[in-house]
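These notes concern the structure reproduced below.
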Amino acid sequence: MDIAMTGAEVIKTAAVISAGFCMGFSCLGPGIGEGYACGKAVEAIAKEPSQAGSITRTMLVGQAVTESPAIYALVISLLLLFVVK
Amino acid sequence: MNLASETSLLLFSYVNAAIAVGLGSLGAALGIGIATARGVHAIKRQPEASGVVTRTLLIGIAVSESPAIFALVVGIILLFNPGEAGNATHTIALLGAGMSIGIGTIGSALGEGYTAGHACESVGRQPGNEAITIRTMLLGQAVAESPAIFSLVIAMLLIFVNISESVVHMAAMLSAGLCMGIGAVPAGLGEGFAAGMAAKNVARYPKAQGPITRTMLVGQAVTESTAIYCFVVAMCLIYLT
């Protein structure tokens, strides 16, 4: 095959590679962190079932904040895929 | 080197199969090891509960074996499907498929093994609560399986994708496989941790079974979202580049 590339192709190639890496690696933190929060919330609810409402609320708020790096990466990945020319 | 010659297709099919099965069995082996260690520990502490612990252990490790079986299936497909000669993009897509399933199953298998280990330990302590512990364990493991299933879907799409030859597409296929593979690991690990905590505590506090299962499922659904983002980006890379 022909390896000779135009400048636009080089940029597009770099953009798709970085989109995949950006999304993949940025999930490492949020995925483990949210699972840990969920596990600890389950533990707390088992001990104090009467506080289930407030524990679930706190867990969801914490997970929503933990989610934000993954959302930033999703935005950047989609920008790299569809906006970078 | 010509990427799409007969020789390099054969070479790539061996390498792809090795990546898929080699990395794919890593998580299952570690997870089953963790589960068995906790099971043996539980039997040492409560020898009279060895029957229930062994039963829970076998059910749990059978489930945590399944991501490795996905990897084996994809590995066999990759070994005997070297791709079409003359299309280097398809060769790279097959490499992406191997990476997706190989890396993507590590987290799920490890997480499910962790769940099985905690279930064994708590069944050893409370042999009377065996039924609800196994039920919670299986429910949690089923959710923790889903990142591995996403990886399987992306691997299958990459194997059977019909694509023209260009360097941009080549990069997109490899990137899609890596994105899904790496993105599935933390989701599987996190969901497995949550399921393990649920299985551990449901045996100890069986009265709180309802809120425990509900919270576990809600939390796992949120954790799943990171794997879903990776799935979406991988799909965009495969079809919209």
Side-chain angles (χ1 to χ4, degrees), chain A residues 1-5 8-53 55-56 59-60 62-64 66-67 69-71 73-74 77-78 80-82, chain B residues 2-4 88 107 111 147 165-172 174-198 200-202 204-205 207-208 210-212 214-216 218-220 222-223 225-227 229-230 232-234 236-237 240-241:
Chain A
M1 61 166 289
D2 190 12
I3 297 291
M5 293 161 77
E9 274 181 332
V10 174
I11 290 177
K12 192 70 197 163
T13 306
V16 293
I17 289 183
S18 18
F21 272 76
C22 168
M23 194 65 240
F25 279 106
S26 72
C27 284
L28 286 176
I32 294 176
E34 286 169 15
Y36 187 79
C38 173
K40 287 293 169 189
V42 165
E43 211 170 26
I45 283 180
K47 275 177 202 148
E48 302 283 343
S50 58
Q51 299 296 315
I55 293 171
T56 309
M59 178 193 80
L60 283 177
Q63 283 184 324
T66 317
E67 187 76 24
I71 294 173
L74 180 68
S77 295
L78 293 178
L80 280 168
L81 276 178
F82 298 117
Chain B
N2 186 357
L3 272 179
E165 192 169 7
S166 85
V167 179
V168 178
H169 281 132
M170 224 185 244
L174 190 61
S175 168
L178 268 174
C179 171
M180 191 65 242
I182 298 168
V185 173
L189 278 176
E191 286 167 22
F193 180 80
M197 287 293 133
K200 176 180 159 191
N201 285 292
V202 90
R204 208 178 285 171
Y205 310 96
K207 282 197 184 123
I212 287 176
R214 203 163 47 236
T215 314
M216 178 190 78
V218 171
Q220 283 183 323
V222 180
T223 314
S225 62
T226 56
Y229 294 158
C230 290
V232 169
V233 169
C236 290
L237 281 165
L240 298 180
T241 305

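Values below: all heavy atoms of this structure, side chains included; hydrogens, waters and symmetry mates excluded. Chain naming here is simple, since letters A, B, ... match the order of the sequence lines and numbering starts at 1 in each.
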Where is the tightest heavy-atom contact between [X] and [Y], given as atom of each residue plus distance?
X        : Y        : answer
A:Gly24  : B:Ile182 : O-CG2, 3.6 Å
A:Val16  : B:Ala172 : CG2-N, 3.7 Å
A:Gly35  : B:Ala194 : O-CB, 3.8 Å
A:Pro30  : B:Thr226 : CB-CG2, 3.8 Å
B:Thr223 : A:Glu34  : CA-OE1, 3.3 Å

Note to self: Test side-chain contact (heavy atoms from CB on, under 4.5 Å) on A:Ile55 and B:Thr215; report intermediate values, then the result.
What the structure shows: CA-CA 9 Å; A:Ile55 293 171; B:Thr215 314; 5.7 Å; no
Next item on the list: Just give me the residue among B:Asn201, B:Val202, B:Val232 that pairs up with chain A most often, heavy atom to heavy atom, under 4.5 Å.
Entry: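 Most heavy-atom pairs within the cutoff with chain A belong to B:Asn201.
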Can you tell me which portion of [X] sits under 4.5 Å from chain B's heavy atoms? Options are side chain, backbone, both or neither.
X       : result
A:Leu28 : both
A:Leu60 : side chain
A:Leu81 : side chain

Does any part of the side chain of [Y], heavy atoms only, come nearer than 4.5 Å to the side chain of [X], both counted from C-beta?
X        : Y        : result
A:Met59  : B:Val218 : yes
A:Ile45  : B:Tyr205 : no
B:Val167 : A:Lys12  : no

Checklist line | Qualifying ring-ring contact (aromatic ring centres under 6.0 Å, His included) pairs with a residue from residues 177-198 of chain B, counting only residues at least two apart or across chains | finding: A:Tyr36-B:Phe193, B:Tyr114-B:Phe193
Just how far is it from atom [atom1] of [X] to atom [atom2] of [Y], taken to the nearest 0.5 Å?
X        : Y        : atom1 : atom2 : answer
B:Tyr229 : A:Ile71  : OH    : CD1   : 4.0 Å
A:Leu80  : B:Ser175 : CG    : OG    : 9.5 Å
A:Lys47  : B:Ile212 : NZ    : CD1   : 10.5 Å
B:Cys230 : A:Met23  : SG    : CE    : 4.5 Å
A:Phe25  : B:Cys179 : CZ    : SG    : 10.5 Å

Item checked: Under 4.5 Å from a heavy atom of chain A, the part of B:Lys200 involved ->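 Contact with chain A involves the side chain of B:Lys200 alone.
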Margin query: Apply side chain to side chain donor-acceptor pair (under 3.5 Å) to residues A:Glu67 and B:Ser225 and explain how you reach the verdict.
Written below: CA-CA 8 Å; A:Glu67 187 76 24; B:Ser225 62; 2.8 Å; yes
Next item on the list: Select, from A:Ala46, A:Ala52, A:Cys38, A:Gly29, the one with the greatest count of heavy-atom pairs under 4.5 Å involving chain B.
Entry: A:Ala46
